[in-house]
Amino acid sequence: MTSQWRSWFHKLIAVAIFLSPLLLINPKTYITITISGLAMGMLLFLVSSGFSLIFGFLSVLNLAHGALFAWGAYIGFSSFNLINQWTGWGGSNSLLLNFIIFFLALILAGLLVALLGIITERLVIRPVYGSHLFQIFITVGAMIVLEELIRIIWGPNDEVMPVPINFMGSWDLFDVVISKYPLMAIVIGFILYLVIFTILRKTKIGTIVRAGVENPEMVQVMGHNIYRYFTGVFAAGSALAAIGGGMWATFVKSIHPAMGGEIIVFALIVAIIGGLGSMTGSVVGALMVGLSYNYVAYLVPKASLGITMLLLVIILSIRPTGLFPEGT
Amino acid sequence: MEANPVSEPLLKVDEIHTFIGKHHILQGVSFEVHPGKVTVLLGRNGAGKSTTLRTIIGLLSPSRGRILLKNRPIHHLKPYEISRLGIGFVPEDRGIFNFLTVEENFRVASFQENGKTRELMETVFDIFPDLKKFWKAKAGNLSGGQKQMLAIARPLVNRNELLLIDEPSKGLAPIVIDHLIDAMKKLKEFTVIILVEQNFYMASSLGNDFYLFDDGKTVHQGQMDELVQNEELKKKYLGISG
């Protein structure tokens, strides 16, 4: 395959995924499903970007990432309920107050799970840096422990995720049904992508992290305490998982202790498709997976997970290092 | 720069032993580096020259012996702490961040950005003018010689007192090596250099003092002019004749 064809490959795949369902779905339904697919993609991006960044920078395959996602959903759930009990902002007719309570819950989830991530990195991951086999064992162990802790603290049953009143329902634009929350999730996800991208591209810390993805040893001999950056990246990745968890729970309106195990499969697929360690790869991979999953779920519901696997196989057979192998 | 043979050593490596895994690589390496000089470490492949540099910068920990920078022990410090004391390192593989631009490579290398940084950058551009031309280019797109110049220039943004350079001529064409020698002659004016080099032409063009390595030990030392004249030593330890 020529390099020119390779550079066009991911664009062709993206366009094919985006437009081909128009042949089978009527345009109004297509728009509704597309928005849902983009929302799912943006939420997957939040989870997979943290996973991918941790792998790229620390070279750690953190299979406990899904459990951190679940912790984010549960902390978001409790924070929302607690703040709502005091203020009633979740049921207020004011869109501003709805947004404030929603963001406060997400920020609390992000901060507390970042702290949990720091503890996990220091106690669990640090002793096994450089050994992928032990990392897999130990992060699976951490995932089980974190999941069981959720069952102890919040109970084993499913919970209904509270949703701010103005986030519910849909708009009807020229007979096209546009759900409110998925549209908000797309905007919030895109803003977060821009924030992450700007930090990585425009700040010195971001530049050091990108350098560390390529050669952590050289970053050390240039006077930077690499372990402090390892902890920081792990905390940031965990916070992204938590924010993704909180937003995902609002999207599907329910939470349960094993929800992390389900999402980690998607996060892994997205990270591999995009190229491990690449933010742009994560966003492109997540949107591809989100869109293809939703289109196929509408046309052939039983094949929806299969299409993401097929996408993974096609992309890896042509670009084994993912769509954006050049890092962040 | 006038050499002072009786000056206090900037760096003193005293009987260091280093293991890589179970292999006892350095088995008693000792040498001194004096201000204003280029000290060249010479020896056959596997003699322990690169391991010595990696031990000085802290990437490997010595099991015995001491490393003193201006009489201060540094062998127990982490690489980032040693680097911040004023030691720059250019590894054999150059350690370039290929996916970052030339500018970003310098940004990562600089840990004390202040008013002097701009002045230092001007010095860097005087010595390596190509880097200014490719300032916004991805480092991975530079030629081999330009990458080597970037690798050598990066530590200069921190006003390092000592630069450890491992095999800078490796993989470069003879004409590029000549350019590199010219640049490094200018560099000698600003910083003390420990040079590991297999290319004897480059080593003898730049070096003031030399240490010969064999089987993880320093076996001979002296001034580079003496070594150039000493056919027996060159043949025995470097395999060079004539």
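Letters go in sequence order (proteins before strands), and every chain restarts at 1. Scope of the values below: all heavy atoms of this structure, side chains included, with no hydrogens, waters or symmetry mates.
- Here the straight-line distance linking atom CG of L100(B) with atom CD1 of I208(A) works out to 10.5 Å at 0.5 Å rounding.
- Comparing I87(B), L59(B), N105(B) by how many heavy-atom pairs each has under 4.5 Å with chain A, the most go to L59(B).
- The line from CD of E103(B) to OG1 of T207(A) is 9.0 Å long, rounded to the nearest 0.5 Å.
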Exercise answer: donor-acceptor pairs, residues 41-51 of chain B side-chain atoms, under 3.5 Å, sequence neighbours excluded:
from	atom 1	to	atom 2	distance (Å)
R44(B)	NH2	K236(B)	O	2.8
N45(B)	OD1	Q198(B)	NE2	2.5
K49(B)	NZ	G43(B)	O	3.0
K49(B)	NZ	R44(B)	O	3.1
S50(B)	OG	D166(B)	OD1	3.2
S50(B)	OG	D166(B)	OD2	2.8

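- Across H224(A) and F111(B), no two heavy atoms sit closer than the pair CE1-CB, 4.2 Å.
- Close approach to chain A, defined as a heavy atom under 4.5 Å from one of its heavy atoms, is seen in no residue of residues 63-76 of chain B.
- Both the backbone and the side chain of Q220(A) come within contact range of chain B, judged by heavy atoms closer than 4.5 Å.
- Looking at K78(B) and N225(A), their side chains never come closer than 4.5 Å, going by heavy atoms from C-beta outward.
- Looking only at side-chain heavy atoms (C-beta outward), E104(B) and K204(A) stay at 4.5 Å or farther from each other.
- To the nearest 0.5 angstrom, Y227(A) atom OH is 9.5 Å from Y80(B) atom OH.
- For E197(B), there are no salt bridge (Lys or Arg N to Asp or Glu O under 4.0 Å) partners at least two apart in sequence or on another chain.
- For the options V219(A), T203(A), I226(A), heavy-atom pairs under 4.5 Å to chain B are most numerous at T203(A).
- Interface remark: I96(B) contributes backbone atoms only to the contact with chain A (heavy atom separation under 4.5 Å).
- Annotation for I205(A): atom CD1 does not count as buried by contact number, only 12 or fewer foreign heavy atoms lying within 6.0 Å.
- The minimum heavy-atom distance linking N98(B) with E214(A) is given by the pair N-OE2, 2.5 Å.
- Across all non-hydrogen atoms, the minimal contact from V221(A) to I57(B) is CG1-CG1, 3.8 Å.
- Looking at heavy atoms from C-beta onward, F97(B) lies in side-chain contact with M222(A) at the 4.5 angstrom threshold.
- Annotation for G223(A) and S83(B): closest pair N-OG, 3.2 Å, computed over non-hydrogen atoms.
- By the side chain to side chain contact (heavy atoms under 4.5 Å, CB included) test, V33(B) pairs with L11(B), F31(B), T39(B), L162(B), V192(B), I194(B), sequence neighbours left out.
- Applying the 6.0 Å contact sphere to CZ of F125(B) captures more than 12 heavy atoms from other residues, nucleotides or ligands.
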